[in-house]
Amino acid sequence: MKKYTMSPMTLIALALLVALSACGGSESNQPSEQGVQQAPQKVYKWKMVTTWPKNFPGLGMAAENFATLAERMSGGRLQVKVYGAGQLVPALETFDAVSQGTAEMGHSASYYWKGKTRTSALFTTVPFGLNAQEMNGWLHYGGGMALWKELYEPFNLVPLAAGNTGVQMAGWFNREINTLADLEGLKMRIPGIGGEVVSRVGVEAVNIPGGELYTSMQTGVIDATEWVGPYNDLAFGFHQVAKYYYYPGWHEPGPTLELIVNKQAFESLPDDLQAIIEGAARAINQDMLDDYTARNNAALDELVNTHGVELRQLPDDVLIELNRITQEVLEEIAAEDAGFKKVYESQKAFREQAIKYHKISEQAYYRARELKASD
Ligand code: CA
């Protein structure tokens with residue numbers, strides 16, 4: 001068998017080729033690396049319109065927190081300027097402004113848009129419905145978000161859950177509510193399905209943006225109002241215009257706030273910036289709830305002990321009747337509106353399961369921690 005050998009010249013030529021190719025590879029890599037580093041990064045400068053007074057505690061600050069977070073997460077590539085209610089468009093034109101592209105984003109509550117589609121109310125809150133924890137579960141792991149996206153698609157909007165206040169208060173009144181008849185004849189600010197329910201017991205239910213509520217109460221445009229809970233209601237000073245502060249917020253057990261994004265604007269973003277919007281929305285969705293959880297307690301204490309607010313619980317009879325009317329209203333709308341029915345049934349099924357489990361978990365624990373030997 002012939003032994004294969006290489007001449008010294010061949011070995012030198014091969015060594016040179018290897019050295020040259022290594023050198024050439026190195027040289028050709030350098031310009032491309034520098035090219036990537038030098039490519040200009042597109043900066044997106046967006047506008048966000050909101051339903052809240054600029055920098056309003058909780059609600060308004062969630063919008064600001066979103067903008068700060070999105071800018072930091074994107075290294076400055078996504079800059080969002082937040083406008084308070086009335087600064088760019090009036091509070092209740094947020095939906096249209098984002099739908100039409102006047103602003104790329106909006107922060108608001110979907111139940112304000114029931115004039116566009118009644119189904120939208122289900123994505124904020126339903127009287128005697130899901131609490132904050134349950135809303136988050138339904139939206140993110142119970143099919144809710146897919147239904148919400150489908151509902152807003154024809155309006156050219158992409159919705160995201162972006163905040164929750166937790167269970168609210170029933171509202172501010174200048175008369176005691178001992179029976180349903182005491183509600184009759186009141187002109188009250190109460191949006192969403194809660195408004196439809198009380199209108200059946202003789203309340204004239206209206207929706208007024210938060211920033212106009214104090215003056216509306218003071219001047220007698222309305223006789224009663226609900227807003228949020230101690231933290232926000234103290235900020236507006238409702239204790240100066242109403243005597244009784246009622247609980248529980250049967251009509252808003254865990255309202256979700258929304259971040260709406262113009263669909264073309266969202267789709268024009270690279271994938272990482274879309275993910276940043278989704279991630280920042282998810283972060284403020286939880287952060288707002290944490291803010292209310294931390295601050296409602298001290299605010300209630302101040303309202304009652306410093307400002308002398310009369311805290312009252314709605315009587316069981318009143319709550320039972322309001323619950324009965326709520327189920328009647330929901331079934332009626334579902335019978336008339338197939339789109340509403342689809343979302344309502346998804347939520348209703350989730351609610352039934354949540355009630356069963358929360359009876360032996362959250363509810364049992366709340367009871368357990370209050371138990372005393374004498375009980
Ligand atoms: Ca409210």
Side-chain angles (χ1 to χ4, degrees), residues 50-53 56-63 85 91-92 94-95 107-115 120-132 134-135 161-173 177 183 186-199 203-217 221-239 241-242 244-258 285 288-289 291-293 295-296 299-300 303 309 311-312 314 319 322 326 329:
T50 69
T51 318
W52 332 113
F56 189 71
L59 302 164
M61 286 314 295
L92 299 180
T94 298
F95 187 93
H107 190 253
S108 189
S110 64
Y111 66 2
Y112 293 147
W113 324 127
K114 66 179 185 182
S120 72
L122 298 174
F123 293 98
T124 306
T125 193
V126 171
F128 301 99
L130 307 179
N131 69 11
E134 294 161 350
M135 268 305 277
N164 199 302
T165 65
V167 66
Q168 298 200 349
M169 291 288 285
W172 295 87
F173 298 83
I177 309 299
L183 289 169
L186 288 178
K187 187 171 179 183
M188 180 175 180
R189 186 269 185 189
I190 173 169
I193 294 164
E196 298 194 35
V197 172
V198 292
S199 69
V203 171
E204 188 187 341
V206 294
N207 184 28
I208 296 173
E212 297 165 31
L213 285 177
Y214 181 89
T215 308
S216 301
M217 282 292 280
V221 171
I222 49 174
D223 310 303
T225 188
E226 69 78 52
W227 174 231
V228 179
Y231 172 35
N232 276 173
D233 295 6
L234 175 66
F236 270 153
F238 294 139
H239 54 280
V241 289
Y244 301 107
Y245 196 20
Y246 271 91
Y247 68 94
W250 60 275
H251 65 306
E252 300 206 35
T256 293
L257 286 309
E258 68 178 8
N285 187 54
M288 188 196 289
L289 185 61
D291 190 18
Y292 282 91
T293 303
R295 295 182 205 275
N296 271 329
L300 178 67
L303 285 169
V309 164
L311 196 59
R312 294 278 191 282
L314 284 172
L319 289 170
L322 289 171
T326 296
V329 167

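First listed ligand is number 1; within each ligand, the first listed atom is number 1.
- Between Trp172 and His239, the ring planes are tilted. Angles from 30° to 60° get that label.
- Between Tyr112 and Trp52, the angle of the ring planes lies from 30° to 60°, which puts this pair in the tilted group.
- Side-chain atoms of Ser120 come within 3.5 Å of backbone N or O of Ser110 as a donor-acceptor pair.
- Defined by atom type and a distance below 3.5 Å, a donor-acceptor pair is missing between the side-chain atoms of Asn207 and Tyr111.
- Between the side chains of Asn232 and Tyr292, at least one donor-acceptor pair of N or O atoms lies under 3.5 Å.
- Within the protein, the N, O or S atoms lying under 3.0 Å from the Ca ion (ligand 1) are Gln168 OE1, Glu226 OE1, Glu226 OE2, Trp227 O, Glu252 OE2.
- Centroid-to-centroid, the aromatic rings of Phe236 and Phe56 come within less than 6.0 Å.
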